[in-house]
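Beneath this line is the structure, given in structure tokens, with notes to follow.
Quick note on labels: first sequence line is chain A, next is B, and so on, each numbered from 1.
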Amino acid sequence: MQLEAIIQEHIQNALKEIYNVEENQIALQPTKKDFEGFYTFVTFPYTKSLRKPPVEIGNAIGQYLLEKSGIVSSFNVVQGFLNLSIADEAWVKALNELALDADFGFWPANGKSVMVEFSSPNTNKPLHLGHLRNNFLGDSVSRILKASGYEVVKACLVNDRGIHICKSMLAYAKLGEGETPQSSGIKGDHLIGKYYVLFDKEYKRQIEALVAEGISKEEAEKKAPWMIEAQELLRKWEQGDSETVALWKQMNEWVYAGFNDTYQKIGVSFDKTYYESNTYLLGKDVVEEGLEKGVFFRKDDNSVWIDLTAEGLDQKLVLRGDGTSVYMTQDLGTTDLKFQDFHNDKSIWVVGNEQDYHFQVLFAILKRLGRTYAEGCHHLSYGMVDLPTGKMKSREGTVVDADDLIQEMASTAETRTRELGKIEDFNSEEAQQLYHTLALGALKYFLLKVDPKKRMLFNPEESVDFQGHTGPFIQYTYVRIRSVMRKADQQNIELVKAASVVSLAKIEQEIIFHLADFPSKVADAARDYSPALISQYVYELAKLYNHLWAEVSVLNEPEEALKYFRILLSKAVGDTIKKSLDLMGIGVPERM
RNA sequence: GGUCCCGUAGCUCAGUUGGAUAGAGCAACAGAUUUCUAAUCUGUCGGUCUUUGGUUCGAGUCCAAACGGGAUCACCA
């Protein structure tokens, strides 16, 4: 049983026995650094009902805990704050319980399932920094939900059709001259992205030319020859024109080869992939259903709408007058499909905050339609990643490309590692593996440590660091621990329960206190869909351990019992760091 | 203009759901290595928590308004 739970139970009993008050929610908080103790119970809320001064209540409960709890070693009362210190035997007992439990921090299956949809790339351009935030968030949230007891389905909806794809196709057909990833040596997704940029360049030139002839900009955007041709291409694709479809398939193959490479590099995978080319016609039956139920209505031009003004939203189009789909139509269809496929209790969409409104509307419609799964739907909205130079735009080529960035980080890791010269016995493959682990650790940690809903600024010059509050800092702490564990192993020291005779330093108590908090942190992170909570937790843990490291020695401790205790403590910290980083999709090296 | 999100140290961010004297990292400066990995540790410097009201024993946290930044309000996806 957890220390916190034990104390809470005793406080409950104390309130009952001393004041005859039944209280089922006892809130404890960590004691502030400047005060003596670990757990603090605030008595202010009880002063009114008990009609006693806060200090008196604190003293009475403190005295009770001291006598009856068996784990409170001393207490002090400051104003209405009852601060409790814990006996060393209780700390050691807590460590013994958590250190030897391989599943510590993970919650048992709760019988519920959740789908996390993320990544959802467009097939006309390679992944950039913004996509990385999406991918890392989705992957990490999936891991966190799994650790908290859910069965998780990771889904990806590939946006593989539409006018944007046709733009790349058109530019390629006009200018490609048969270029292939093989012939050019360019990665497939980058090759397609190149033609997307080329389209945009030419398109802009055509607009300017038309404007120069006196046509309005708006008109020019519609009348530019390449735009007309791209739209023609889309029509042909929808009609199944064999030549168009063949080109589309060819270019898709290249893009997927490129994507798979990147996904593998960043360690992201999916359980189910949906392709929009298969699902874009779905949803029309939902529109029919909505019309029958009177949820939707038809306007004179035959278009179908929903009126959501009662929910504080607007009227929203769900089907065009000519009977063709819009984004919302498709999403209604795919959401039904996803539910039919997996019957998930919850469904999470990891999508940027520019689509907040879309999801508000989608969820409102699902409720109106009486979908049973509507309650479990959640949009995990995250802010953009901005550059010092402004926004990233694929069309204009002003993006931080994902592959380039990872490459750059790996070479920074290499430079740094070489300077330190600690892995000279590594072979080339081992070294490359290490640089990759460090590069991704730094990048993932950097993108995940910030609250998802905040937009973040990425300064390539200084943002991603290897020192301080970073992934490599935490990886380094793990490496130190592994070094100790290897040496302990060489000395044939077995990992056993620590004896309770040892007298602990404050920092050792603090570490156990922090370790004991891990399971509830996992639960919090799952509840809030926030990897940032895990990142804060593991950073704090690494800092505490480094503090211990500077203060005492593990293996050179002369007192045997204390030495074994510290080895066990080190193991527990190492395991918890590894688990935490794994929840963020970050790997740990043995040495660095 | 309507709606939503954000505003904390020079910079990047925490702040455990309303608790004590608001914390980290970076940057700057000063120290620590005969000892388990110094990608580390210790210290100094740095604050009108955007502003003004309100709620109460108590507000960075909750409510209202204003100001500043962003997103969105397409028969694009």
What is the distance, rounded to the nearest whole Å, between atom CD of A/Glu551 and atom P of B/U40?
-> 18 Å
Rounded distance (Å) that lies between atom C1' of B/G70 and atom CG of A/Asn353 = 8 Å
For B/U21, which nucleotide is its Watson-Crick or G-U wobble mate, given both distances must be under 3.5 Å?
-> none
Got a second to check how far A/Leu28's CG is from A/Ile7's CD1, nearest 0.5 Å?
-> 6.0 Å
Side-chain atoms of A/Arg480 come closest, of B/C75, B/U40, B/G7, to B/U40
May I ask you to check whether A/Tyr445 and A/Tyr539 place their ring centers less than 6.0 Å from one another?
-> no
Atom pairs, N/O to N/O, protein against nucleotides 56-64 of chain B, distance under 3.5 Å?
unit_1 : atom_1 : unit_2  : atom_2 : d
B/C57  : OP1    : A/Lys48 : NZ     : 3.0

Contacts of A/Arg527 and A/Asn546 projected onto RNA chain B by closest heavy atom; the upstream (5') one is A/Arg527
In Watson-Crick or G-U wobble terms, with both distances under 3.5 Å, the base opposite B/C75 is none
Between A/Asp386 and A/Arg455, is there a salt bridge with N-O shorter than 4.0 Å?
-> yes
Out of B/C75, B/A14, B/U72, whichever nucleotide has its closest atom nearest the side chain of A/Tyr357 | B/U72
Distance under 6.0 Å and angle within 45° of the ring axis: does A/Lys543 meet both against A/Phe473?
-> no
For A/His547 and B/A24, what is the distance between atoms NE2 and P respectively, to the nearest whole Å?
-> 12 Å
Carboxylate-amine/guanidinium proximity below 4.0 Å for A/Lys578 and A/Asp575 = no
For B/U35, does OP1 or OP2 lie under 4.0 Å from any side-chain N or O of A/Trp549?
-> no
So, is A/Lys316 near the phosphate of B/A74, with a side-chain N or O under 4.0 Å from OP1 or OP2?
-> no
Assign each of A/Phe466 and A/Thr31 to its nearest nucleotide of RNA chain B by heavy atoms, then name whichever residue's nucleotide is nearer the 5' end.
-> A/Thr31
Identify which nucleotide among B/C6, B/C36, B/A77 has an atom closest to any side-chain atom of A/Tyr327, counting heavy atoms from C-beta outward.
-> B/A77
NZ/NE/NH1/NH2 to OD/OE distance under 4.0 Å, A/Arg235 and A/Glu238 = no
With the threshold set at 4.0 Å, does a side-chain nitrogen-carboxylate oxygen contact exist between A/Glu288 and A/Lys284?
-> no
Does A/Lys33 have a side-chain nitrogen or oxygen under 4.0 Å from the phosphate oxygens OP1 or OP2 of B/A20?
-> no
Pair assignment for B/A32, Watson-Crick or G-U wobble, requiring both distances under 3.5 Å = B/U40
When both distances are under 3.5 Å in a Watson-Crick or G-U wobble arrangement, the nucleotide paired with B/C4 is B/G70
Determine if A/Tyr539 stacks with B/A24; use a centre-to-centre distance below 5.5 Å and an interplanar angle below 30° as the criteria.
-> no
Specify the separation, in whole Å, of atom CG of A/Asp451 and atom P of B/U12.
-> 16 Å
Cation over ring, A/Arg161 on A/Tyr280, under 6.0 Å and within 45°?
-> yes
Reckon A/Gln79 touches a base, only the sugar-phosphate, or nothing at all at heavy-atom distances under 4.0 Å?
-> nothing
For A/Met456, answer base if it contacts any base atom (sugar-phosphate contacts may also be present), sugar-phosphate if it contacts only those atoms, and nothing otherwise; contact means non-hydrogen atoms under 4.0 Å.
-> sugar-phosphate
dist A/Lys521:NZ -> A/Tyr537:OH (nearest 0.5 Å) comes out at 8.5 Å
Is there a side-chain polar atom (N or O) of A/Lys32 under 4.0 Å from OP1 or OP2 of B/A20?
-> yes
Could you check which of B/A77, B/C36, B/A20 has an atom nearest any side-chain atom of A/Phe81?
-> B/A20
Closest to the A/Lys543 side chain: B/C36, B/A14, B/A24?
-> B/A24
Nearest-nucleotide pick for A/Gln330, side chain only, options being B/C4, B/C13, B/A77 = B/A77
Going by modelled atom types, is there a donor-acceptor pair between the base of B/A20 and the side chain of A/Asn83 at under 3.5 Å?
-> yes
Ring center gap for A/Phe446 and A/Phe458 short of 6.0 angstrom = yes
Could you state the CG-P distance from A/Leu317 to B/C73, rounded to the nearest angstrom?
-> 13 Å
Syn versus anti for B/U8, judged by chi lying within 90° of 0?
-> anti
Whole-angstrom distance between B/A22 and B/U61, as gauged at atom C1' | 11 Å
A/Lys453 NZ to B/G7 C1', straight-line distance once rounded to whole Å | 13 Å
Paired nucleotide for B/U56 [Watson-Crick or G-U wobble; both distances under 3.5 Å] | none
Could you give the OH-to-P distance, from A/Tyr476 to B/A38, as a whole number of Å?
-> 4 Å
Write down the distance between CZ (A/Arg320) and C1' (B/A74), rounded to a whole number of angstrom.
-> 10 Å
